[in-house]
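Keep in mind that this is a model prediction, so the values were computed, not measured.
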Amino acid sequence: MSSNEHTTHAVDLGRDPIGPLLCRLALPTITAQVVNLLYNIVDRIYIGRIPLEGKLALTGMGVTFPVITLISAFSALVGMGGAPRASIALGAGEKDRAERTLGTCATALWSLAAVLTVLFLLFQRDLLRLFGASADTLPYAMQYLSIYVLGTIFVMTALGLNGFITAQGSSAVAMKTVVIGAVLNVVLDPLFIFVLHMGVRGAAVATVLSQAVSAAWVLRFLTGKNTVLRLRRSTLRIDTKLLLPAVSLGASPFVMQSTESLLTVAFNISLQKYGGDLAVGAMTILTSVAQMIQLPLTGLAQGAQPILSYNFGAHRPDRMKQVVRCNIALAIVFAVSIWGVVQLAPHAVVHLFTSDEQLTEITVWALRIYMALGFTNAFQTGFQQSFVALGEAKISLFLALERKIFLLIPLIFILPRFFENKLFAVFLAEPVADVLAAATTTILFLIRFRKITKEM
């Protein structure tokens, strides 16, 4: 069976030249990640401009991030762990195993979605207080989250199964999944928020409807005639022999995303202590700006993943080396460019989210500190995601834990003890953790990758 039969009619992961192939697969995944920002950022932009209550509403929505992030994290646990396993199976010529992996992961995702929906509906008030909601911001957080949670199954279907479309080389189709939902969200947001006067609830309704359309698109493709990996009724059962390796590999992206919840709690506790609601509101904007660098880098890595995984399964070290070199080179160029824009024009960036003078002033000041070494994410994301593509579950998990759990969260509480300006110290924790984590990840990858390719 030719490698084309394992991928798509459009690309050959085992034979096409690496440079053009990476661009062809990465451009749609990068576009998808950039467009995916619209799901969160557009909501924040519109909510921040609600007359009279925009500032409080924006801060309240920021408090819901940990729960939203947890839903995405559980999607990654199954989907981002299963997709590379499917790619490796395709490279090894085991299409049946790849399809059974897809069926197992789909069933696991839907089961998790049902459980999470119930838990979040029951405990949302307590969780929001834990995540830093004040008496003033809690009502807005509740309005948004109580509706968003109802769409958990749509979010997890769209995010979790979209990776299996990319895994077979169909990154353009995977991009459309995100673009369709995001464009619909942009259109529906002002309609529900301002025209129908639903406020924060309107933003949540728009997001849920948009994710539902994205989920329908994913299912339509994976059950259609143009897919290589087909979602079949006969495979819709949990095979623990396939699920456990997928979850093991997915533990790394799961930890990276789920620890955002702990990170938000840590930041909100310290920021509320040293700067109040205004500082928490600034952090909401900083998180959005950070995603402007992080998500496209993740998209680039996702474009490289099926090529690296496929050729790893096919024992092609020459092609694997080319993928890694191209991926990191492009990541560096992108990360440095966006970092430069943020540092040179912070006011323009912040004004996307708020026109409030007080909030703008503190956010511009904090942004330059928080993003001081943001370009190092090129190494952290590129090499860490490459470990996932190679099935290196243990190292990937360690690196996911290192930056946030071992470095950033402790630094948020430790650094204020050594600086007179406590608020400055809290924001400084981010660049310190960035450079230390990037250095560790780069060294570990170069050592391990050299060993893997030599053993082939």
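Rounded to the nearest 0.5 angstrom, Ser214 OG and Leu209 CG are separated by 11.0 Å. Once rounded to the nearest 0.5 Å, the distance linking CD1 of Ile88 with CZ of Phe312 reads 5.5 Å. Once rounded to the nearest 0.5 Å, the distance linking CG of Asp136 with CG of Asp277 reads 6.5 Å. Expressed to the nearest 0.5 Å, how far CG of Leu428 lies from CD1 of Ile412 amounts to 11.5 Å. Here CH2 of Trp217 is found 4.5 Å from CD1 of Ile180. Values are rounded to the nearest 0.5 Å. With rounding to the nearest 0.5 Å, the separation of CD1 in Ile147 from CE in Met198 is 5.5 Å.
Side-chain contact check for Ile71 versus Ile68: every heavy-atom pair is 4.5 Å or farther apart. Annotation: side chain of Gln385 is in contact with side chain of Met80 (closest heavy-atom distance under 4.5 Å).
Looking at Gln343, its side chain does come within 3.5 Å of a backbone N or O of Met371 through a donor-acceptor pair. At least one donor-acceptor pair closer than 3.5 Å links the side chain of Ser309 to the backbone N or O of Ala389. Judged by distance alone, the side chain of Thr64 and the main-chain N or O of Ala141 form no donor-acceptor pair under 3.5 Å. Without hydrogens or angle criteria, Asn185 side chain to Gly181 main chain gives no donor-acceptor distance under 3.5 Å. Distance alone, capped at 3.5 Å, is enough to place a donor-acceptor pair between the Asn162 side chain and the Ala174 backbone. The main-chain N or O of Thr360 is never found under 3.5 Å from a side-chain atom of Thr363 such that the two would form a donor-acceptor pair. When atom types are taken as modelled, the side chain of Ser270 and the backbone of Phe267 share no donor-acceptor pair closer than 3.5 angstrom.
In this pair, Tyr370 and Phe427 present their aromatic rings perpendicular. The plane angle is above 60°, beyond the 30 to 60° band. Using cut-offs of 30° and 60° on the angle between ring planes, the pair Phe375 and Trp339 is perpendicular.
Legend: residues meeting side-chain contact (heavy atoms from CB on, under 4.5 Å) with Gln124, ordered by chain and number and at least two apart, are Leu121, Met142, Leu145, Ser146. Taking Asp126 as the reference, nothing meets the salt bridge (Lys or Arg N to Asp or Glu O under 4.0 Å) condition, with sequence neighbours excluded.
Judged purely by distance below 3.5 Å, without hydrogens or angles, the side chains of Thr376 and Gln380 never pair a donor atom with an acceptor atom. Between Glu402 and Thr440, the side chains place a donor N or O and an acceptor N or O closer than 3.5 Å (distance only, hydrogens not considered). No hydrogens or angles considered: nothing links the side chains of Glu392 and Ser396 as a donor-acceptor pair under 3.5 Å.
Of all heavy-atom pairs spanning Gln211 and Ala158, the tightest one is OE1-CB, 3.9 Å. When every heavy atom of Ile153 is checked against every heavy atom of Thr157, the shortest pair comes out as O-OG1, 2.7 Å. Taking every heavy atom of both residues into account, Ala206 and Asp189 meet most closely at CB-OD1, 3.5 Å.
Counted within 6.0 Å of CZ on Phe123, heavy atoms from surrounding residues, nucleotides or ligands total 12 or fewer; the atom is thus considered open. Atom NE2 of His347 has 12 or fewer neighbouring heavy atoms from other residues, nucleotides or ligands inside a 6.0 Å radius. Surrounding NZ of Lys176 are at most 12 heavy atoms belonging to other residues, nucleotides or ligands under 6.0 Å away. More than 12 heavy atoms of other shown residues, nucleotides or ligands fall within 6.0 angstrom of atom CZ in Arg368.
A ring pair (Phe, Tyr, Trp, His ring centres under 6.0 Å) with Phe74 is found for one member of Phe120, Phe254, Trp110 and no other, namely Phe254.
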